[in-house]
Amino acid sequence: RTNCAICAVRQANIILPIAKTCRLDAETWLPFERTLRRSIEQQTTLLDAERITHPMTIVYGTMDPVIIKGYIRELARKAYDCRIIKVPRATHRIDKRYASVVAEEIEKRILEDTTR
């Protein structure tokens with residue numbers, strides 16, 4: 001079991017940028033793996049988002065390894081008034097530049113709501 005965890009940690013450190021920002025080793029692997037399974041693999045976000053009947057904006061970084069662009073395009077087709085904003089060179093971590101794009105989009109939607 002420990003050898004499996006060590007191999008998984010090594011692989012995660014290569015492919016997941018988030019793994020480099022936290023302590024990930026044989027001891028912490030199991031809670032990390034369970035968190036990924038429960039929060040990512042078992043999520044219902046796309047199904048939930050399809051049911052939203054208000055304008056929606058999805059903002060994502062073009063360098064985010066977690067984003068599945070096909071899902072976003074599919075949601076944009078199915079959802080009511082869905083706007084997609086790509087932040088060039090942004091990753092999964094929201095930095096100041098990424099945050100300013102999100103804030104700008106929130107302000108735009110608020111302005112649109114007040115003028116309707």
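Index from 1, following the sequence.
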Quiz item: Is E74 paired with R77 through a side-chain N to carboxylate O contact shorter than 4.0 Å?
Solution: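 Here R77 does not pair with E74 in a salt bridge, since their nearest N and O are not under 4.0 Å apart.
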Self-check item: Partners meeting side chain to side chain contact (heavy atoms under 4.5 Å, CB included) with E112 (sequence neighbours left out)
Solution: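 For E112 the side chain to side chain contact (heavy atoms under 4.5 Å, CB included) partners, ignoring immediate neighbours, are R83, R109, R116.
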Quiz item: Under 3.5 Å, side chain of T91 to main-chain N/O of M63, donor-acceptor pair present?
Solution: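 No, the answer is negative, given that no donor and acceptor are paired below the 3.5 Å cut-off.
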Practice problem: Please go through V102's hydrophobic cluster and name the other residues, only I, L, V, M, F, W, Y counting, with side-chain heavy atoms under 4.5 Å joining them. | Solution: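 Listed partners: L46, I52, M56, I58, V59, Y60, I67, I68, Y71, I72, L75, I84, I85, V87, I94, Y98, V101, I106, I110.
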Quiz item: How many angstroms lie between atom NZ of K78 and atom CZ of R73, to the nearest 0.5 angstrom?
Solution: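 Reported value, rounded in 0.5 Å steps: 13.5 Å.
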